[in-house]
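Since the structure comes first, as structure tokens, the remarks are kept for the end.
We count residues from 1, following the sequence as given.
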Amino acid sequence: MLVNRPPMGWNTWNTFGSEISDPLIRESADAFVESGLKEAGYQYVVIDDCWSQKLRDPQTDQLLADPVKFPQGMKVVADYVHGKGLKFGMYSCAGQRTCADYPGSFDHEFLDAKTFASWGVDYLKYDFCYKPAGMDGPLLYRRMGLALRASGRDILFAACNWGSDDVWSWIRSVGAHIYRSTGDIIDNPASYRNIALSQLEKLGASAPQCFNDMDMLTVGMYGKGLVGSSGCSDADYRSQFALWCMCSAPLMLGCDIRSMSDFIRNLVTNPGLIRINQDAEARPPIAMRHPWNEKLLTLLKHLDDGSYALAFFNLDETDGECFATFSDFGLPAHAGYDVAVHDLLDDSPDHTYREYMRLPVPAHDCRVFLARLVQR
Ligand code: GLA
């Protein structure tokens, strides 16, 4: 199965935790279409932890859907999602229990992969709680990697071992298509910043067919839901979304997509930002810090058509001026080229810069441009 671009979708966990149900999934699938998410490229509707009964079927050993949350089982939910032209995702865990204490897939990998395939699952998030003592973590991902391939259905393998066991070095080899690289995101500015900054140096290992997953977005949560804490400002959500795009990270929304504000809907469907995220080459950005304030960050990402994404982030608590010297990106002052930029977020007029760019960026906010070199 080819996963050429970072997957885009929605996952239940951040907002709903264990409060999931058949109607919630149907309503969210409806919202995918009505809000324009589907048209913008979002595809996967993913049910996270807490969907099953607490024990397996005593006769068949199969996982069983919770009869209260999903009274008609999972197949009809998958059918509904497919009927909207979307793809359906579910969750299990490499250990004996899931993180929220439901049955895990340990020693049942091939049976569970077959079960998921029979329900029409297109995406499996595979968590890492309750690993039996002494078991090798990477081996458990090898097992599910093979089991999914043997299942008879194309299922995107979303590994989720939080960056443990030096995941960058082996995860591609087990057939995973995306891999969670950090602990769980929380809906506050420090959390998304720490996650993004912790991965900047590690993105060399992230590429088509196996992308670094920086966790579900908290964009649009405003402190509500399971992983909500203080919440973030609109400026923060802009920065979070832009960082995920610059890093070619999967765009899995975690807010309640049935009730997104216009600001959030426009942000997460911004064609320029999505174009950056979905760039075919998925190259890691070159990162530069302001000479004396390292919280002013500039990223430059090569794009597949010879243009560049150029993004300025003010990760500080006060308004500031971001600064980039083009020579740091490989363009010496005397090379004979200037840099023409087009603003992707704020509609400022196109502009051409020589040698460097300096621009005001409010605290927590960002500016994102499409850039190209122009001969003088
Ligand atoms: C772990 C994962 C989260 C979520 C929960 C569910 O913490 O990292 O993303 O799936 O488990 O219990």
Side-chain angles (χ1 to χ4, degrees), residues 1-9 11 44 46 89 93-94 123-128 131 136-146 148-149 154-185 191-217 240-252 273-289 297-304 308-311 313 328-330:
M1 164 180 193
L2 292 179
V3 178
N4 294 324
R5 313 288 165 113
M8 297 168 64
N11 174 303
Y44 290 96
V46 180
C93 182
Y123 176 118
L124 180 69
K125 174 171 171 179
Y126 203 51
D127 217 337
F128 199 47
K131 178 173 70 108
D136 180 58
L139 179 63
L140 298 182
Y141 284 89
R142 281 188 203 171
R143 284 191 185 182
M144 191 47 98
L146 291 188
L148 290 175
R149 282 176 184 235
D154 275 347
I155 300 180
L156 187 151
F157 185 17
C160 178
N161 83 337
W162 321 306
S164 57
D165 294 321
D166 197 21
V167 68
W168 303 268
S169 63
W170 54 269
I171 192 67
R172 205 176 169 83
S173 69
V174 306
H177 300 106
I178 67 176
Y179 56 99
R180 267 279 298 283
S181 50
T182 70
D184 290 8
I185 199 165
S191 176
Y192 83 79
R193 289 171 174 176
N194 290 340
I195 285 177
L197 294 178
S198 76
Q199 295 311 300
L200 281 180
E201 301 299 317
K202 296 187 164 137
L203 292 173
S206 180
Q209 318 314 328
C210 194
F211 294 97
N212 185 320
D213 174 5
M214 306 203 303
D215 207 352
M216 286 90 69
L217 295 150
Q240 183 186 146
F241 195 74
L243 280 166
W244 265 232
C245 289
M246 291 298 288
C247 294
S248 294
L251 297 179
M252 300 301 289
L273 292 181
I274 289 180
R275 184 258 174 273
I276 292 170
N277 176 261
Q278 298 285 295
D279 186 74
E281 296 189 20
R283 294 191 186 277
I286 300 167
M288 281 184 352
R289 308 283 181 156
L297 172 72
T298 306
L299 300 178
L300 179 102
K301 181 183 179 73
H302 285 237
L303 299 176
D304 59 19
Y308 306 87
L310 179 58
F313 297 90
D328 289 342
F329 293 129

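Checked for salt-bridge contact, R289 and D328 miss the test: no charged N lies under 4.0 Å from a carboxylate O.
The distance from the CH2 atom of W168 to the OH atom of Y179 is 8.0 Å, given to the nearest 0.5 Å. Note: R142 CZ to S173 OG = 6.5 Å, rounded to the nearest 0.5 Å. L140 CG to N161 CG: the interatomic distance, rounded to the nearest 0.5 Å, is 10.0 Å. Of the inter-residue distances, the one linking F313 atom CZ with L299 atom CG reads 5.0 Å to the nearest 0.5 angstrom. D166 contributes atom CG, which lies 11.0 Å from atom CD1 of I171 (distance to the nearest 0.5 angstrom). Separating the SG atom in C160 from the CD1 atom in I178 is a distance of 9.0 Å, to the nearest 0.5 Å.
Taking 4.5 Å as the limit, some side-chain heavy atom of F128 sits within range of a side-chain heavy atom of S164. The side-chain heavy atoms of I185 and Q240, taken from C-beta on, include a pair separated by under 4.5 Å. For the pair L243 and Y192, the minimum side-chain heavy-atom distance is below 4.5 Å. Between L303 and Y308 the shortest side-chain heavy-atom distance does not fall below 4.5 Å. Between I276 and I274 the shortest side-chain heavy-atom distance does not fall below 4.5 Å. Side-chain contact check for M288 versus L297: every heavy-atom pair is 4.5 Å or farther apart. Side chains of M8 and Y44 form no contact here, defined as non-hydrogen atoms less than 4.5 Å apart. Here the side chains of M1 and H177 are in contact, with some heavy-atom distance below 4.5 Å.
A pairwise comparison of heavy atoms in P285 and L200 identifies CG-CD2, 4.3 Å as the closest pair. Shortest non-hydrogen contact noted between C210 and A176 is SG-O, 3.3 Å. For the residue pair P6 and Q278, the shortest heavy atom distance occurs at O-NE2, 2.8 Å. When all heavy atoms of M214 and A249 are compared, the pair lying nearest together is CG-CB, 3.9 Å. Closest heavy-atom contact between M246 and L310: CE-N, 4.5 Å. Here the shortest heavy-atom pairing between R172 and A207 reads NH1-O, 3.8 Å.
Every residue two or more places apart in sequence or in another chain that forms a salt bridge (charged side-chain N to carboxylate O under 4.0 Å, His left out) with D184 is listed here: R180. In this structure, the salt bridge (charged side-chain N to carboxylate O under 4.0 Å, His left out) partners of K125, at least two apart in sequence or on a different chain, are D48.
A donor-acceptor pair shorter than 3.5 Å cannot be found between the side chains of W170 and D165.
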Open item on the list: For a side chain to side chain contact (heavy atoms under 4.5 Å, CB included) check, start with the C-alpha distance between L148 and L124, then their side-chain angles and the critical distance, and finish with the verdict.
Closed with: CA-CA 9 Å; L148 290 175; L124 180 69; 4.1 Å; yes
- [ ] Check the pair W244, L273 against side chain to side chain contact (heavy atoms under 4.5 Å, CB included), reporting the backbone distance first and the verdict last.
- [x] CA-CA 9 Å; W244 265 232; L273 292 181; over 6 Å; no
Open item on the list: Test salt bridge (Lys or Arg N to Asp or Glu O under 4.0 Å) on R143 and D136; report intermediate values, then the result.
Closed with: CA-CA 11 Å; R143 284 191 185 182; D136 180 58; over 6 Å; no
- [ ] Could you walk me through whether C247 and K301 pass the side chain to side chain contact (heavy atoms under 4.5 Å, CB included) test, one step at a time?
- [x] CA-CA 9 Å; C247 294; K301 181 183 179 73; over 6 Å; no
Open item on the list: Working note: D279 + R283, criterion salt bridge (Lys or Arg N to Asp or Glu O under 4.0 Å); need CA distance, chi angles, decisive distance, verdict.
Closed with: CA-CA 8 Å; D279 186 74; R283 294 191 186 277; over 6 Å; no
Task: Test side chain to side chain contact (heavy atoms under 4.5 Å, CB included) applied to F241 and N277, step by step - done: CA-CA 10 Å; F241 195 74; N277 176 261; over 6 Å; no
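By the 30° and 60° cut-offs, the orientation of the rings of Y141 relative to Y126 is perpendicular.
Remark: the backbone N or O of F211 is not paired with any side-chain donor or acceptor of S206 at under 3.5 angstrom.
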